[in-house]
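As structure tokens, the structure follows; a few thoughts come after it.
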Amino acid sequence: GAGVSQSPSNKVTEKGKDVELRCDPISGHTALYWYRQRLGQGLEFLIYFQGNSAPDKSGLPSDRFSAERTGESVSTLTIQRTQQEDSAVYLCASSLKWTSGSYEQYFGPGTRLTVT
Amino acid sequence: LAKTTQPISMDSYEGQEVNITCSHNNIATNDYITWYQQFPSQGPRFIIQGYKTKVTNEVASLFIPADRKSSTLSLPRVSLSDTAVYYCLGRLFNKFYFGSGTKLNVKP
């Protein structure tokens, strides 16, 4: 079946512009996760959704970042007034609803964001 | 804070067994411990998960001691294609913490 898809695959934007990143999870996956990975570094957790609810938004780096999810489907991560430090690969993952502490996450290919 | 700590890098030769340990002091007590593999320019890929003792699948084994404060990923007889970065993943409340990643370099 189809995996997690993300769009665009690459985005180059000027400092100060807003960008919107999209994630389409695997059908039937109720949980959706966003991570950021800077060049040569590990994965930084941003936010997760269970259905369309995000229990904790404190992982978002600043108030320029926001995320929403429509039902148990597509999610968008919006970055307002982009800064050069926002340059990174933004990865989305989805999983079935947690059962007994198990949350095998399936990742998309990521969106590479470059802020010039 | 759910810190997950791993060695930065490891070298191995083809055919050897590789063990990578992750320390995770305060992850959620009821959660599975999960490991991922990441190749350059790709998203991480699930390898294995376990709750306690030992779990084995077709690609790896996972050893988890009784106190669950660490876990060890074991890759039997590695090949060149196993060269990648390996991450452990833990959760604390509503946040997920990947380790810093262990870059495994398999040499011929």
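The shown structure was predicted, so the numbers you read here are calculated from the model rather than taken from an experiment.
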Inset, instruction - Mind checking the OG-CD spacing from B:S100 to A:Q41? Nearest 0.5 Å is all I need. - result: 10.5 Å

Taking atom [atom1] of [X] as the centre, does the number of heavy atoms from other residues, nucleotides or ligands within less than 6.0 Å exceed 12?
X: A:E14; atom1: CD; value: no
X: B:E14; atom1: CD; value: yes
X: B:Y13; atom1: OH; value: no

Inset, instruction - Select one option (side chain, backbone, both, neither) describing which atoms of B:Y87 are under 4.5 Å from chain A's heavy atoms. - result: side chain

Legend entry - Minimum heavy-atom distance A:G59-B:K95, with the two atoms named: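 So the minimum-distance heavy-atom pair works out to N-CE, 4.0 Å.
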
Considering only heavy atoms from C-beta outward, does the side chain of [X] approach that of [Y] to under 4.5 Å?
X: B:N94; Y: A:Y48; result: yes
X: B:P44; Y: A:L91; result: yes
X: B:I48; Y: A:E104; result: no

Inset, instruction - Would you please test A:Q105 and B:L89 for side-chain contact (heavy atoms from CB on, under 4.5 Å) and show each step? - result: CA-CA 10 Å; A:Q105 298 182 21; B:L89 172 63; 3.8 Å; yes

Legend entry - Ring centres under 6.0 angstrom apart (B:F96, A:Y35):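 Aromatic pair excluded; centres sit 6.0 Å or further apart.
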
Inset, instruction - Give the C-alpha distance, both sets of side-chain angles, the deciding distance and a yes or no for side-chain contact (heavy atoms from CB on, under 4.5 Å) between A:F107 and B:F46. - result: CA-CA 9 Å; A:F107 281 81; B:F46 171 85; over 6 Å; no

Please answer: with hydrophobic residues joined when any side-chain heavy atoms are less than 4.5 Å apart, are [X] and [Y] in the same cluster?
X: A:Y33; Y: A:L77; answer: no
X: B:M10; Y: B:F39; answer: no
X: A:Y90; Y: A:V4; answer: no
X: B:V78; Y: B:L62; answer: yes

Per-pair distances, 0.1 Å, donor-acceptor, side chain in residues 101-108 of chain B, under 3.5 Å, sequence neighbours excluded:
| from | atom 1 | to | atom 2 | distance (Å) |
| --- | --- | --- | --- | --- |
| B:T102 | OG1 | B:Q6 | NE2 | 3.0 |
| B:T102 | OG1 | B:P7 | O | 2.6 |

Inset, instruction - Might you work through the side-chain contact (heavy atoms from CB on, under 4.5 Å) test for B:Q38 and A:L43, ending with a clear yes or no? - result: CA-CA 11 Å; B:Q38 187 178 31; A:L43 288 91; 4.1 Å; yes

Inset, instruction - Would you mind telling me which of A:G110, A:P109, A:S58, A:C92 has the largest number of heavy-atom pairs within less than 4.5 Å of chain B? - result: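 Sorted descending by pairs with chain B, the first entry is A:S58.
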
